[in-house]
Trainee: 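Take this structure, written in structure tokens, and hold onto it; I'll ask about it next.
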Amino acid sequence: MQKISQWIVKNAWLILIAVLVVTIFFGFQVVNVKFKDDVTEYLPEDDPEISFYNSLSDKFASFQKKSMIVALEFDDLFTPHNMELLQEIVESIEELSSVRSISALTNMPKVIATDFGIEVREVVEVLPQTPEEAEELRRDLEEDKLIWGKMVTEDGKGTIIAVSFYEAVDEEEAVDEVRAVCRPYEEKVQITYFGLPIIIEQTSYDAQRTLRVLAPLSGLLLLLILYWGFRSLQGVILPVFVALLASLWTLGLAALVGESLTVVSATLPVILLAMVTAYGIHFVNRYYEERSRMGGDDVVKVTLQEIFIPILLSALTTMGGFISLLSADIKPITEFGLYSTLGIFFGFLLSTFFLGAFFTVFVPRRLPRYYSQEEEEDSQDLIGRFLLFMARGITHHRNLIIAIIVVALAVLTIGIPRIQVETTVEEQIGVNHPLTKLLKYFQERFGGTSYNYLYIETEKVKEPFVLREMIRISRFAERYETFADPSSIADFICNLNEAMDGWKAIPDTREKVENLWFFAQDNSFIQDRISEDEDATLVEFKARETTSRQLEEEVEALKSFLAQRPQEVKVVSITEEGAAEYLATSIVEDLEIFGLSFSDPEAVEQMVFQFIGQPLRDFMAFDEEFAKKVAHDAFLEIEGLGLEEEEVEEALLSYFSHPHFSLSSVLETDLGITEDDALYLAEVLDLSMERVARNNKASALRQEIENLVGQTLDSDFDFVFYQILDEYVFLPQENGDILVYYQITGTPIIANHINQQLFTRQIESLILAFVIIYVLLLLQLRSAKKSLVAIIPILMAVYTSFGLMGLLGIPLNTATLMVASIAIGAGIDYTIHLTSRWYMEVEKGSSNPLRTTLVHTGRGIVLNSLAVSGGIYILTLSRIRMLRMFGDLVATVLLVTMFYTLMVLPLLLHAAEYGNNKNNNKKNKDMERG
């Protein structure tokens with residue numbers, strides 16, 4: 001140490017110039033610091049959940065990875081003018097080169113009935129030209145569950161435009177382009193923007209505010225605390241100046257590397273200001289203490305020789321606490337751990353080399369009065385009086401102090417089991433934050449903005465079994481907040497089938513599905529939701545805001561349901577053995593999935609099974625109503641022959657009365673048409689009679705179930721009852737015809753996945769931190785016993801941090817996760833300085849090492865703790881609730897750690913020393929007797 005201190009004194013000017021150059025260099029870099037807080041980037045890219053999530057953006061244009069939402073509010077959306085204005089805005093956004101796809105009301109698919117059947121058009125193709133047409137469009141869309149309440153608000157005033165960007169574009173620039181396009185319309189319509197890019201933009205603003213506002217406030221508070229403690233301009237400015245330089249160098253290095261920081265790292269200047277100031281405090285405190293005894297360059301040399309190792313060990317142990325965060329492998333935590341470690345290292349260099357050089361060149365003319373006089377019992381210095389009080393208490397009221405500590409730890413024990421993991425947006429950023437207000441707006445008006453997805457992979461997504469499973473899973477999942485408002489291609493196929501066949505259901509053969517698909521194959525809504533090879537698709541769910549525990553429970557519930565669903569099936573005829581029984585069971589299970597319950601499900605299955613076995617002829621009434629339905633079903637062909645439905649009805653009734661005649665002959669005679677036309681119409685009517693009978697059969701089952709449950713069932717139940725008409729059944733079987741694979745993902749799912757990592761990573765970080773710090777203490781104290789004694793207050797500090805989290809209802813999240821490691825790293829600083837001075841006094845043969853250590857080194861510890869805690873408490877002014885909780889908890893724990901160091905550690909050291917003396921005395925007596 002003597003060589004280092006001599007080198008610093010000798011090269012003081014060189015050190016000062018080097019510090020100036022490095023500071024200027026990093027000062028130019030720091031303006032380039034950027035913040036980006038994307039939860040999907042918290043874990044490594046090779047993490048299975050993250051890797052899978054990212055892969056979906058390549059497969060589906062509708063996937064919400066790089067996207068934003070534009071909400072438009074009108075006095076009334078459904079007017080010709082406003083609908084035209086909406087389409088104008090949509091087209092303007094679509095023209096942007098950064099836009100990959102766009103989903104809006106105007107390009108949503110709409111099934112249109114025509115004289116020749118059905119057509120699928122985009123809403124824009126049928127934009128209303130008159131108020132009456134606008135009102136008619138509104139009524140039609142109110143029945144469309146793909147649109148109403150999702151793309152359009154329930155009051156018909158608001159709508160959203162979902163904009164998806166290409167993967168390679170800069171999201172910030174893309175969002176600005178969309179805003180620029182929409183800006184001319186802001187006088188005509190209320191426009192609100194949201195999405196992950198907006199969240200990142202807002203959190204980046206808050207992070208910059210932390211740097212611009214909170215860091216200077218923290219520095220100002222530190223200056224006030226230090227002035228109160230030192231009453232010296234140099235004693236006030238230098239420790240803070242050193243911390244400012246360490247913060248500047250750290251941020252400059254981060255900017256130089258070019259990596260965007262998360263919002264948690266915005267606290268770095270505040271944390272470093274508070275913690276690095278401690279090293280300056282200890283240096284200045286010891287310098288003034290030595291200066292009161294001597295003068296010249298020897299003061300700096302002696303100060304460095306006495307304080308260099310304690311500061312080094314303090315820095316190393318603090319760095320050890322922060323380095324342990326690197327094991328978390330969660331970006332905000334590892335990033336904070338890395339740069340805080342570098343900041344502490346810079347702080348160590350500046351607090352020793354720079355301050356040593358500074359005091360060599362700029363020698364203070366006088367000392368603060370508290371260092372220029374002997375410590376007296378009646379000292380008016382508040383810190384001195386407090387430390388003397390502590391010394392007396394430890395000496396004379398040891399049992400009382402132990403009792404207080406035991407009670408405190410017992411109370412903290414109550415809190416530990418109450419700790420919860422929570423990363424909901426409202427919990428993290430606060431109720432009154434602009435982002436929370438935006439979330440509530442979109443939640444209230446459009447049901448939310450975050451999406452979870454069910455990824456489905458199979459050979460062909462057009463398989464009826466796959467489409468039906470999508471409906472079943474959707475209906476099961478929508479009972480949960482995490483999976484609200486499901487939307488998929490299966491829903492649209494149901495709508496098409498309803499227009500074509502009268503039932504909102506999925507046909508039982510791929511050929512029938514292909515026929516429906518033909519009408520929708522060019523629609524962007526459909527194409528954006530299937531992969532290019534048509535071997536994968538998505539079910540989209542609105543993810544409403546929930547607690548992390550609720551989200552986790554609901555995700556597990558859906559996973560459990562998926563695990564029970566058949567994932568490999570064989571297509572068999574309804575006539576094959578066991579097929580009808582399985583279909584009956586499946587129908588009853590579907591009814592339960594759709595929300596019905598039965599006291600005796602087996603009896604219901606038996607009733608359904610009997611329906612399945614009934615021939616279609618049992619559902620042909622051959623009466624006037626049946627004839628009317630048949631004629632209406634064949635109205636296109638009837639009109640094509642120049643006939644009226646009513647006259648065909650009369651001919652059918654005549655045929656029903658004379659079944660021994662052929663239908664074609666009755667039609668030829670009664671309608672006066674040619675033989676060929678009669679044969680053609682007879683074939684058409686035979687098919688219509690079969691279709692009407694099939695509908696009657698499904699309707700009869702519906703009526704039976706409605707009577708059983710005592711309620712009318714809406715058209716959603718068409719999906720279930722339509723299966724009674726199936727000619728093919730999908731039996732679960734190994735090596736089957738159809739194999740399907742499911743996986744759940746989405747931004748809320750990723751957040752939940754991070755939650756699950758927090759406790760595990762916390763334990764790993766703590767174990768690593770304690771190992772590193774114990775090894776460093778062992779190197780300093782050269783005694784396993786002494787090192788164990790020194791680490792006990794830190795163990796208590798960590799215990800306190802968890803107890804306070806539970807008692808105060810502070811959840812474990814990416815910020816509060818770091819509190820224990822910070823408590824270890826910063827708290828050990830107090831321990832090292834106190835133990836170092838204690839053993840030094842013992843070696844000198846001090847008559848009262850406890851009093852001397854507390855009064856002298858204790859001053860630095862108290863000022864250190866007040867400065868660190870006070871600086872970190874400034875984070876309570878942050879707009880982000882997570883950072884407020886983080887600041888509160890860290891500052892409080894560090895204050896408590898100071899009390900543990902000043903109360904518990906002296907007790908332990910005194911007890912250990914007393915034990916050693918007792919053992920030594922015993923050995924001496926034994927030797928004398930020997």
Side-chain angles (χ1 to χ4, degrees), residues 56-57 59-64 67 101 103 107-111 120 143-151 162 164 446-448 450-480 482-499 503-507 510 512-514 516-517 519-521 523-543 558 561-562 565 567 590 593-594 715-720 722 730 738 740-746 749:
L56 296 187
S57 61
K59 286 189 174 184
F60 307 102
S62 65
F63 188 66
Q64 193 198 31
S67 61
S101 68
S103 293
N107 63 10
M108 288 293 287
K110 178 173 172 55
V111 181
V120 176
E143 304 299 321
D144 193 330
K145 292 187 177 181
L146 284 175
I147 296 176
W148 206 257
K150 297 177 182 178
M151 300 296 294
S164 176
F446 303 99
S450 294
Y451 287 86
N452 284 320
Y453 299 89
L454 173 65
Y455 171 78
I456 302 173
E457 187 174 297
T458 185
E459 187 176 347
K460 285 294 179 182
V461 296
K462 298 176 185 177
E463 290 289 351
F465 167 74
V466 177
L467 294 169
R468 287 183 175 187
E469 285 297 287
M470 291 169 70
I471 296 294
R472 292 182 179 113
I473 296 167
S474 297
R475 295 302 173 264
F476 173 84
E478 68 181 342
R479 65 186 66 175
Y480 300 115
T482 308
F483 302 102
D485 297 332
S487 176
S488 69
I489 59 171
D491 293 311
F492 189 60
I493 296 300
C494 284
N495 290 347
L496 282 172
N497 195 68
E498 182 181 31
W503 290 83
K504 187 183 289 186
I506 305 292
R510 186 172 176 184
K512 293 177 183 177
V513 172
E514 288 280 8
L516 295 173
W517 199 276
F519 294 101
Q521 59 187 350
N523 183 265
S524 60
F525 176 85
I526 300 297
Q527 295 304 317
D528 288 350
R529 283 157 180 78
I530 59 173
S531 62
E532 187 175 349
D533 297 330
E534 298 186 352
D535 60 352
T537 186
L538 295 174
V539 180
E540 296 177 0
F541 299 95
K542 289 279 183 68
L558 182 55
F561 179 77
L562 291 173
R565 299 307 305 166
Q567 297 183 21
D590 285 349
I593 289 172
F594 275 58
S715 61
D716 283 347
F717 283 86
D718 287 359
F719 170 84
V720 182
Y722 193 74
F730 307 97
I738 304 169
V740 62
Y741 163 79
Y742 304 109
Q743 186 163 343
I744 308 170
T745 190
I749 304 294

Trainee: About how many Å separate NZ of K504 and OG of S715, when rounded to the nearest 0.5 Å?
Mentor: 3.5 Å

Trainee: Are D533 and K462 close enough for a salt bridge, meaning some N to O gap below 4.0 Å?
Mentor: no

Trainee: Is a donor on one side and an acceptor on the other found under 3.5 Å between the side chain of N452 and the backbone of T482?
Mentor: yes

Trainee: Drop me the distance from K542's NZ to K150's NZ, to the nearest 0.5 angstrom.
Mentor: 7.5 Å

Trainee: Within this structure, what is the CG-OG distance for the pair L538 and S531, rounded to the nearest 0.5 Å?
Mentor: 9.0 Å

Trainee: When rounded to the nearest 0.5 angstrom, what distance separates CG in N497 from OH in Y722?
Mentor: 4.5 Å

Trainee: Determine the minimum heavy-atom distance between A536 and F60, stating which atoms define it.
Mentor: O-CE2, 3.6 Å

Trainee: The criterion is side-chain hydrogen bond (donor to acceptor under 3.5 Å, both in side chains); which residues satisfy it with N107, sequence neighbours excluded?
Mentor: none

Trainee: Is it true that R472 and E469 have a side-chain N and a carboxylate O under 4.0 angstrom from each other?
Mentor: yes

Trainee: Can you list the residues that meet the side-chain contact (heavy atoms from CB on, under 4.5 Å) rule with K512, with sequence neighbours excluded?
Mentor: P507, D508, T509, R694

Trainee: Measure up the F594 and F719 rings against each other and bin them: parallel (under 30°), tilted (30 to 60°), perpendicular (over 60°).
Mentor: parallel

Trainee: Look up atom CD1 in I506 and atom CG in L496, then write down how far apart they are to the nearest 0.5 Å.
Mentor: 9.5 Å

Trainee: Please check this pair: side chain of D535 against backbone of E459, looking for a donor-acceptor N/O pair closer than 3.5 Å.
Mentor: no

Trainee: Donor-acceptor pair, distance only, cut-off 3.5 Å: does the side chain of Q567 make one with the backbone of L562?
Mentor: yes

Trainee: State whether E540 and R529 are salt-bridged, where the test is any N-O pair (Lys NZ or Arg NE/NH1/NH2 against Asp/Glu carboxylate O) under 4.0 Å.
Mentor: yes

Trainee: Taking D491 for its side chain and S488 for its backbone only, find out whether a donor-acceptor pair lies under 3.5 Å.
Mentor: yes

Trainee: Could you pull out the closest heavy-atom pair between I456 and V539, with the gap in Å?
Mentor: CD1-CG2, 4.0 Å

Trainee: Going from OH on Y453 to OG1 on T537, what distance comes out if it is rounded to the nearest 0.5 angstrom?
Mentor: 12.0 Å

Trainee: Do you know which two heavy atoms are closest between F541 and S474, and how far apart they sit?
Mentor: CE2-CA, 4.2 Å

Trainee: Taking side-chain contact (heavy atoms from CB on, under 4.5 Å) as the definition, give me every residue that meets it alongside R479, ordered by chain and number, with sequence neighbours left out.
Mentor: F476

Trainee: C494 and I471: which non-hydrogen atoms are nearest, and at how many Å?
Mentor: SG-CD1, 4.0 Å

